[in-house]
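For reference, the structure discussed in these notes is given below.
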Amino acid sequence: MKYYILFGPPGAGKGTHAGAVAQKYNLKHISTGELLRAEIAAGTELGRQAKTLIDAGSLVPDSVVEGMIESAFDTIKGVDGFLLDGFPRNLAQARDLDAILEKRGESVTGVVSLMIEDETIRKRIAHRAAIEGRADDASEATINNRIQTYHAQTEPLIAFYKAAGKYHEADVNGWDIETNRARVLAVMEQIG
Ligand code: ADP
């Protein structure tokens, strides 16, 4: 099985490109953000707890997202691998993912990192807020905290995966979705 990580700051376009990548390589796309929003929509206790944190622009506890990831690995069949979107998001999650995969005799195949600048992040999220109506895209304070959380907790994963020789970048600063998608797919080819 292949285990790809689609990495990048909020608003980089992980969700926008994941579908095409997953289809081309017969991967199951797993977005921890989408799974959490489904829990909120279903009105579960987990969703209720997650909503407070998501609306504040903070991360939900590692154990929550790791449980979701492990259960997806256990139950989803008929694919050649997984495309992880929004996970891991801090060093503890990255280390735990390695341990989860090691137990299964597997390892991370490669990281596709979507590179955009903070100013572009703000514009993309403002654009998406108008289309998708996500509560965590609507408030300036939440967006600021998500960008801060990204730099403080998620960005250190770049060095972690570089050290593992698994890190690859795609520049997606431009607004042309097709160009960006082609860059993402080119990186997938490079990883193999
Ligand atoms: P984006 O990357 O655009 O911010 P996501 O849908 O990936 O959107 O995530 C939305 C929110 O869900 C995050 O701000 C965070 O609160 C929560 N979340 C998603 N994935 C994780 C994760 N791996 N660990 C902790 N919290 C997460």
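In each ligand, atom 1 is the first atom listed, and ligand 1 is the first ligand listed.
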Does ligand 1 have a heavy atom under 4.0 Å from the side chain of [X], from its backbone, from both, or from neither?
X	result
Ile54	both
Leu36	side chain
Thr149	neither
Glu66	neither
Ala50	neither
Arg128	side chain

For this session: Please name the pair of heavy atoms, one in Phe73 and one in Leu97, separated by the smallest distance, quoted to 0.1 Å.
Result: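 Of all heavy-atom pairs spanning Phe73 and Leu97, the closest is CE1-CD1, 4.0 Å.
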
Item checked: Heavy-atom pair of closest approach, residues His151 and Pro156 ->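 That closest heavy-atom pairing would be O-CD, 3.8 Å.
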
Output the list of atoms in ligand 1 that are nearer than 4.0 Å to some heavy atom of [X], sorted by atom number.
X	answer
Lys14	2 (O)
Gln93	22 (C), 23 (N), 24 (N), 25 (C)
Asp136	10 (C)
Gly11	3 (O)
Thr32	19 (C), 20 (N), 21 (C), 23 (N)

Which residue supplies the protein heavy atom nearest to [atom], what is that atom called, and how far is it?
atom	result
atom 16 (O) of ligand 1	Ser58 O, 2.6 Å
atom 6 (O) of ligand 1	Arg37 NH1, 2.9 Å
atom 4 (O) of ligand 1	Arg146 NH2, 3.0 Å
atom 8 (O) of ligand 1	Arg134 NH2, 3.1 Å
atom 26 (N) of ligand 1	Val60 N, 3.1 Å
atom 23 (N) of ligand 1	Gly86 O, 2.9 Å

Q) Around atom CD of Gln23, are there more than 12 heavy atoms of other residues, nucleotides or ligands at under 6.0 Å? A)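 Not buried by this count: 12 neighbours or fewer within 6.0 Å.
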
Over 12 non-hydrogen atoms of neighbours within 6.0 angstrom of CD in Glu45:
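Enclosed: over 12 neighbouring heavy atoms sit under 6.0 Å from CD of Glu45.
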
Q. Are a donor atom and an acceptor atom from the side chains of Asp136 and Thr142 found within less than 3.5 Å of each other?
A.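 Absent: no donor and acceptor within the cut-off.
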
Q. Can we say Lys24 and Glu189 salt-bridge, meaning some charged N sits less than 4.0 Å from an Asp/Glu carboxylate O?
A.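 Salt bridge flag = yes for Glu189 with Lys24.
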
*asked:* Tell me whether Arg181 is salt-bridged to Glu178, with the criterion being a basic N under 4.0 Å from an acidic carboxylate O.
replied: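 Looking at Arg181 and Glu178, the cut-off is met.
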
Exercise. Of Asp96, Thr154, Asp62, which meets side chain to side chain donor-acceptor pair (under 3.5 Å) against Asn90?
Worked result: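 Exactly one candidate clears the test, Asp62.
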
For this session: Output, in order, the C-alpha distance, side-chain angles, deciding distance and verdict of side-chain hydrogen bond (donor to acceptor under 3.5 Å, both in side chains) for Glu169 and Ser113.
Result: CA-CA 5 Å; Glu169 283 182 356; Ser113 177; 4.9 Å; no

*asked:* I'd like the name of whichever of Met68, Arg89, Glu132 reaches closest to atom 19 (C) of ligand 1 through any heavy atom.
replied: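 The option holding the nearest heavy atom is Arg89.
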
Review point. Among Val64, Leu35, Ile40, which one satisfies side chain to side chain contact (heavy atoms under 4.5 Å, CB included) with Leu46?
Key: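 The passing option is Val64.
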
Out of Leu84, Ile191, Val108, which residue meets the side chain to side chain contact (heavy atoms under 4.5 Å, CB included) rule with Tyr4?
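Filter result, single survivor: Ile191.
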
